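These notes concern the structure reproduced below.
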Amino acid sequence: MEKSITECLQALFRQCGEDPQRTGLVQTPHRFLQSFQECTQGYGQTAEEVVGGALFPCDNPAPVVIQRIPFFSLCEHHLLPFFGYGTVAYLPSQKVLGVSKVYRLVNLFARRLQLQERLTQQIGEAIQRVAQARGVWVEMRGEHLCVAMRGVQRTDSQMRTFFQSGERIDSSLLGTENSSSENQNHLRVITAELPMKIGCSQEEQRTMTPVQMVLELKIPSSYGTCSDDLAQTVDYDALVQWVYQTIFHKRFQLLEYATQQVHQTIRQFLQDHHRKAAIRVTLIKKLTHPLVQESQFTIGDFA
Ligand code: ZN
């Protein structure tokens, strides 16, 4: 097994112009295999096994909120890391989880080949099932190296994904300004500031203005983001690139109209890929005006 992986990696090194026998590279396939195994050691164990007996009686029905849980995972499309912090909140019914088990559950699912959407859902469903919680809320914020290092090469974009089920948890406790109140997967993609020709002043017509896109999608919960099937999710990387290619080089006078065009483009993309989702798009235009810093416009299928 290790021998064939070594040969594969050596062929890969040769293909990009390297000498696999170079001193620094000789042991690299072996080291790669070890680190890859470590990054994917979340297979072969269940949430129940991780939690073991660490469920403790508790009469206090108030929500338990654990914030800033770090996670590191590998994107299954590009095998590049994505990482960030998660918030897990649940409403206990008579039993609470040992707090370290929440961290271990996040780790269990993060150390697999993942999509951030599925990771969020798997954590939420596991907490609900294992703790028999009355309600669960999970939010994850991740930076994806496949977006930062390649493709659109944006280093400051962040992806936020949400999971909610059962009884609602008071959003003021969640430390998040946007707690989705819908019983659906709510996904938020925030791009970096992309250059766009937008505006009615002559200055704006001549130069590129940085515009940030905030895309929110409500995905029907019937979507099996919990299955391990690529056909069941949206390729957000491709979606953002598609918007970038079809819209961001065009010239618009009004932010309102540009937002509408982006919205239509995204709807078309989802249709072309046989996906269903309610879409909300916000474009935020940075201004150089001394008194006004930005203007933004939102169009969406949901409020
Ligand atoms: Zn990726």
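Here the structure is a predicted model, which is why all the values come from computation and not from measurement. As the structure lists them, so they are numbered: ligands from 1, and atoms in each ligand from 1.
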Query raised in the report: Quick one: side chain to side chain donor-acceptor pair (under 3.5 Å) pairs with a partner in residues 44-61, sequence neighbours left out?
Result: Glu48-Arg129

Query raised in the report: Does the side chain of Ser73 come under 3.5 Å of the side chain of Gln114 through a donor N or O and an acceptor N or O?
Result: no

Query raised in the report: Tally of protein N/O/S atoms under 2.8 Å from the Zn ion (ligand 1)?
Result: 3

Report task. List for me each residue that meets ring-ring contact (aromatic ring centres under 6.0 Å, His included) alongside Phe32, sequence neighbours excluded, and say none if there are none. Result -> Phe36

Requested in this report: Provide the full list of side chain to side chain donor-acceptor pair (under 3.5 Å) pairs with a residue in residues 96-109, sequence neighbours left out, each pair given once.
Outcome: Asn107-Arg111

Query - Pairing of Lys218 and Glu216 as salt bridge, 4.0 angstrom limit - result: no

Requested in this report: Classify the angle between the aromatic ring planes of Phe71 and Phe82 as parallel (below 30°), tilted (30 to 60°) or perpendicular (above 60°).
Outcome: perpendicular

